[in-house]
2 protein chains.
Amino acid sequence: MTGPCDPSSSRPPESGDARATLPLVTLDEPERLRADAARNRTLLLEAASRLMAGCGATNLTMESVAAAAGVGKGTVFRRFGDRTGLLIALMDHREGLLQAAFLSGPPPMGPGAPAVERLHAFGPAVIRHEREHHELILASRADPLRTYAVPATRLRVSHVAMLLRQAHVAGHPELLAHTLLGSIDAALVRHLTTDRGMSIEQLDQGWHDLVSRLGARP
Amino acid sequence: MTGPCDPSSSRPPESGDARATLPLVTLDEPERLRADAARNRTLLLEAASRLMAGCGATNLTMESVAAAAGVGKGTVFRRFGDRTGLLIALMDHREGLLQAAFLSGPPPMGPGAPAVERLHAFGPAVIRHEREHHELILASRADPLRTYAVPATRLRVSHVAMLLRQAHVAGHPELLAHTLLGSIDAALVRHLTTDRGMSIEQLDQGWHDLVSRLGARP
DNA sequence: CGAGCAAGCGGACCGGAGTCCGTTTAACTT
DNA sequence: AAGTTAAACGGACTCCGGTCCGCTTGCTCG
């Protein structure tokens, strides 16, 4: 007879990343993989993407992904940790274009335009990107805390915080960045448009309004 | 050989509540229960609460709750739908005090104070309440979209939106309410304090700052 | 080039969420 | 009070996420 909870494997709640205290911009993790592992990783992501296109993200099972990639189930877990990890990797992979656009694309989103203009351009782009991939994004949110460890999220936050600093906006840049991003969160956008009848244009309007008010000097 | 996805039980993604288009203040759902069902519901909530106190929310299994309440497993699912539903019910139940405080408690949170003051008082109270129950709150967030159907969430949103209207704040009240509430979301607060070294006082400060800036007339 | 070994692999296995359906029972009807 | 019915009950069953551990294989160093 064991204790009432489950004494085996006292898991220190997963704890995410130890290097969370590093500056937010440290987003690189090359993670040297052995040749076969790297190949299988790609195979798995492709298989998952293919399966997800056919059925929903909800119907994606780890076993089917493994089978479709021609590897064992254990391999999927070894590579991605768990189901959420796989979904996050998949989602993260699809952010490439958006990231390129605001990191190094042409103005007004990319560098070259004044910070406030870049901020204004950022919101609508994110809203549209998230609408396009909402299923995957929502599915990858099973653990709310893990969101903050997702590279794409961290990059957005540090990017917006940087723009806020450049625009000399008063207040705590990181907190403000989270607040701004929260107003165009995928789940919220989905709720407001689907259940509450708001239009994308109203959301754009709300974003511009918010940026303007925060940026305004008293 | 079946289709590639899973043709059985084509579940129309759960769809939450059909009455989501009703005015946000409609929060009542008396839900007449048969005597035995009502009794078992209480037994189950008590059992779950007791078990959760002993072990974490993560270690709470539906079967153990059923056993501790002396009912069958099927009964738990019939009553609460799924695990998330049980956790939401549990969490919702614990919001009573906070809700009483901002709905009918003494000023500055309760009625009697000017709307802007009530807004200022609201944030810190929520932050503290969420810190106290973060485990349950976070655990009940498995499905990000369902959050907006949780009575406690809807009540907060409609309350803040009302205060914003009363304070004659420009902009879309509901969107602004979500934005404000997003800045003190349980997961965000947890992240900022645990991983990013912010203090509760800084978060309070951020809240007051935000409310002030939104409330300020140009 | 060959040996050592850490990393990768895979599939049997386990536990818990969610379903199903035959049985029981509270509430209402006459 | 007995009959009727819709709701509630319970536990066997299925399916999937996650673990475990013995086997294999790509790298590295002598």
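Letters A, B, ... mirror the listed sequences (proteins, then strands); counts begin at 1. The analysis underlying the following values was restricted to heavy atoms, covering all of them including side chains, and did not include hydrogens, waters or symmetry mates.
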For this session: Using a heavy-atom cut-off of under 4.0 Å over every strand shown, decide if A:Leu86 touches base, sugar-phosphate, or nothing.
Result: nothing
Using atom types as modelled, flag every donor-acceptor pair under 3.5 Å from a side chain in residues 123-131 of chain A to any protein atom, sequence neighbours excluded.
{"from": "A:Arg128", "atom 1": "NH1", "to": "A:Pro124", "atom 2": "O", "distance (Å)": "3.1"}
{"from": "A:Arg128", "atom 1": "NH1", "to": "A:Asp204", "atom 2": "OD1", "distance (Å)": "3.2"}
{"from": "A:Arg128", "atom 1": "NH1", "to": "A:Asp204", "atom 2": "OD2", "distance (Å)": "3.4"}
{"from": "A:Arg128", "atom 1": "NH2", "to": "A:Asp204", "atom 2": "OD2", "distance (Å)": "2.8"}
{"from": "A:Glu130", "atom 1": "OE1", "to": "A:Ala186", "atom 2": "N", "distance (Å)": "3.0"}
{"from": "A:Glu130", "atom 1": "OE2", "to": "A:Arg156", "atom 2": "NH1", "distance (Å)": "2.7"}
{"from": "A:Arg131", "atom 1": "NH1", "to": "A:Thr193", "atom 2": "OG1", "distance (Å)": "3.3"}

Problem set entry | Value in whole Å for how far the C1' atom of C:dC13 lies from CE of A:Met62 | 17 Å
Seminar exercise, completed: In whole angstroms, the gap separating C1' of D:dG17 from CZ of A:Arg78 amounts to 17 Å
Exercise. Do any of residues 34-47 of chain A sit with a heavy atom less than 4.0 Å from DNA chain C, and if so which?
Worked result: A:Arg34, A:Asp36, A:Ala37, A:Asn40
For this session: Say whether B:Arg83 and B:Thr61, considering side chains only, have a donor N or O and an acceptor N or O under 3.5 Å apart.
Result: no
Problem set entry | d(CZ, A:Arg32; P, D:dG26) in whole Å | 18 Å
Exercise. Over how many whole Å does the gap from B:Phe77 atom CZ to C:dC20 atom C1' extend?
Worked result: 13 Å
Exercise. Do the ring planes of B:Tyr148 and A:His191 sit parallel (below 30°), tilted (30 to 60°) or perpendicular (above 60°)?
Worked result: parallel
Exercise. Should B:Arg146 and B:Asp82 count as an ion pair when the cut-off is N to O under 4.0 Å?
Worked result: yes
Seminar exercise, completed: In whole angstroms, the gap separating P of D:dA6 from CG of B:Leu33 amounts to 18 Å
For this session: Kindly write out the residues that satisfy ring-ring contact (aromatic ring centres under 6.0 Å, His included) with A:Phe77, not counting sequence neighbours, or none if the list is empty.
Result: none
For this session: Establish, with yes or no, whether the OP1 or OP2 oxygen of C:dG10 is under 4.0 angstrom from a side-chain nitrogen or oxygen of A:Thr75.
Result: yes
For this session: For B:Glu63 and D:dG11, give me the distance from atom CD to atom C1', rounded to whole Å.
Result: 9 Å
Exercise. A:Asp82 has an atom CG; how far is it from atom C1' of C:dA17, in whole Å?
Worked result: 17 Å
For this session: Can you tell me the distance, in whole Å, between the NZ atom of A:Lys73 and the P atom of D:dG17?
Result: 7 Å
Exercise. Can B:Asp185 and B:Arg141 be counted as an ion pair, charged N to O under 4.0 angstrom?
Worked result: yes
